[in-house]
Amino acid sequence: MIDFGFNLAPSSAVNLDEIDLSRYRALLRMEPDARICMGCGSCTATCTAGPFSGMSVRKVLLALERGQHVEVNRMLEGCMLCGKCMMVCPRGINTRHLILSLCRIKQEENYD
Amino acid sequence: MIERVPGAFHPFVLPFVAGMVFVLGWCLVGMVRILVELPREDRRRFFLSLVTPKTAWKNIKDIFLNCLIHVRLWKRNKVLGYMHSSIAFGWFMLILLGHIEVILFVPERVHFLYYPIFFNFFVAEADSTLQGSLLMFLMDFFLLVILSGIALAMVKRFRSRLFGMRRTTRPSVLDRVGLYSLWAIFPLRLMAEVFTAHISGGSFLTGPINALFLHFFSNDLHYMPTWWAYSIALGVFMFVLPFTRYMHIPAEMLLIPMRNAGIGIRHPRRGFAKLEYYSCPGCGVCIDACPMTASRANVKDCTVYLNRQLRRGNERRIEQISDKCLLCGKCTEVCQVCVQGPELRVAQRRMRSYALSPDYSQIDTAPMQAAVRGAKVLYFAGCMTQLTPSIRKSLEALLRRAGVDYKLMDPDGGLCCGRPLSMAGREEQARELMAKNTEIIRASGCEVLLLSCPICYRVFRESYDLPGVRVVHHTVFLRELQLAGRLPLRSGPETFVYHDPCELGRGCGIYEEPRRLLDGVGTRVEAASHHAESVCCGGSLGSLTLGYRQREAIVRASLKNLTAEHPATIVTACPLCQTTFARYADRPVEDISQTLLRNLG
């Protein structure tokens, strides 16, 4: 194979018919407030763990809806539970408990 | 002194003896179980403390002062103090004097469990000697004391507001059985002794009432049913005792020596924790104290109900109650037994299993270590102060003004201190963060670690291993600067109220330094409840399940408490309290560093 000095990124297309939403549904049962997130990103802006691990509650919810579990796990593993996201959330979502609930949901398979 | 009953036995003593044997057996088994459940080193420490003269003496003193005299309750409420100590101490004295009577007059009966209790039934002419009549007098005196306490208890049950209690617990069915049998014991004892006073002898209380009754009772046939009723009331009380709140009586006697031995809660149900929740007297003082009860929906989540559910093993409710609490620690502060409600809850949270656990091993602290090297004073702003940059800037301005050579540990955002994680029960992950922070602080070689957030301050003080580093909160540091004359303040006409943050006040015992600082810049008024009884702002990270909307009532109630004396400005020393209050307050809310900066001379 000739090295052109660049290559193609693997496709990041999400097929909504094939993704696994069981975890997102389980979360919605435990935390109905997850629905009212409007994705403003205040949580991301204030996150203590963000600069170190790319943690972002907004992205976690987005990735869950898209079934991207590897990303979700990677971000959750960085969370320090400091609670600033909860303090700044304009929708009043208890993001700290949402993260704890998400960590408690038994994963069907090992996404890692 | 004549023994009246042949064989020194009568069947009426059986209910009492059965109840007594049952309760003693129950407590013995319970004590052995608790000791077995203790970790090995805790058990060793407990036994050692029992034979150490200093702690052994402290145990006796504490049991006497707390279980019998109820000193803590006296300090809080004189009437309630009298009510409890009259019943507890009076009953103790009746038992003690009964034994003295038996030892003095019928020493051969001393091994009979029931003899000291029913002495007046078995022995006639007990007041025929000087010793006898003195003991009789004391018995009557203490019985009168107990009866006055019981009368107060009856009034309290139906009119608790008269005793300064707004809300009290709803007793369970068995609690009621225990309560009514306890109320019945002493009037029945009085009547039984009254009816036999002309046979066994009486004193100032039993004698005259007996003389009164003899005028219209033609025979002695009624005294036997009364002695039976007295014995049955005692028996019923003993039989229900292990299943009611009265279990606190024996539990507390073991709790005090264990606490003095320095044993803490490790598991939410086993060993020492079991003793903690059985020692709860269920009085409900924590209900009025709990900041969550600002909304009625949270009344059943107070520590008294946690203890009740822990006894019942109601897992669903235990989980709910454990997660809701703000961990402000006020229930422990007002509790007569100092039941550690917050610690019980955190232990419960630690039991959870999670499918996913945070991992911070990827975080490289080397650049942070390099940035702080050579600092004398290291200032760690922490997550919450980063969220309120004005507090950080004010403190930095004050430090510069005072000429302090400092370095900021987290100019671009640092790691969390770990306390929020450990409050959520994720102790292992908290330890990981603490190790990272310790690396940075040790690399800096600092002498002083300055913190502007009480949450960080408490964890750095209690859980970090930082030899040679003085961990100090900014209120204390600024006060020291002021005393050294490096922080000139200008006094103005403004009125302030100081809010004690839970972690700084109850958590670390710092109350006076911030107050002295405020005295230097204006007039200071106190909140309705202050110092150790200050009311949590409602924003605490301790609560996992209370959301934004549920917290509003708590914050407003706390603000109402603060503004009782109409101060112009609310001052606190915690960025979290400041943010929480500022959302709903009708007047400015500042951190103390902001107030001082405005009033620099």
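Values below: all heavy atoms of this structure, side chains included; hydrogens, waters and symmetry mates excluded.
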Q: Does any backbone or side-chain atom of Arg104(A) lie under 4.5 Å from a heavy atom of chain B? Answer side chain, backbone, both or neither.
A: both

Q: Nearest 0.5 Å please: distance from the CG atom of Asn73(A) over to the OG atom of Ser357(B).
A: 11.0 Å

Q: If you count heavy-atom pairs under 4.5 Å between each of Gln386(B), Glu432(B), Arg426(B), Gln429(B) and chain A, which one has the most?
A: Arg426(B)

Q: For a 4.5 angstrom cut-off between non-hydrogen side-chain atoms, does Leu356(B) reach Leu102(A)?
A: no

Q: Among Cys417(B), Cys383(B), Ser543(B), Gly413(B), which residue has the highest count of heavy-atom pairs closer than 4.5 Å to chain A?
A: Cys383(B)

Q: Which of the residues Thr579(B), Leu415(B), Asp412(B) is involved in the greatest number of heavy-atom pairs with chain A at under 4.5 angstrom?
A: Leu415(B)

Q: Under 4.5 Å, counting heavy-atom pairs only, tell me which of Met80(A), Met86(A), Arg91(A) racks up the most with chain B.
A: Met80(A)

Q: How would you list, in number order, the residues of residues 42-68 of chain A that have a heavy atom less than 4.5 Å from chain B?
A: Thr46(A), Thr48(A), Phe52(A)

Q: Kindly compute the distance separating CG (Asp33(A)) from CZ (Arg549(B)), expressed to the nearest 0.5 Å.
A: 5.0 Å

Q: Chain A heavy atoms under 4.5 Å from Arg551(B): which part of the residue, side chain, backbone, both or neither?
A: side chain

Q: Can you say whether Leu433(B) sits under 4.5 Å from chain A via the side chain, the backbone, both, or neither, judging by heavy atoms?
A: side chain

Q: Minimum heavy-atom separation for Leu81(A) and Ala424(B), please, with both atom names.
A: CD1-CB, 3.8 Å

Q: Of the listed residues (Cys79(A), Cys82(A), Gly78(A), Ser101(A)), which shares the most heavy-atom pairs with chain B below a 4.5 Å separation?
A: Cys82(A)

Q: Give a yes or no on whether Glu462(B) atom CD has more than 12 heavy-atom contacts from other residues, nucleotides or ligands under 6.0 Å away.
A: yes

Q: Mind ranking Leu541(B), Asp323(B), Thr580(B) by heavy-atom pairs under 4.5 Å with chain A and telling me who comes out on top?
A: Leu541(B)

Q: Can you name the nearest heavy-atom pair linking Val88(A) to Leu387(B), along with the distance?
A: CG1-CD1, 3.7 Å

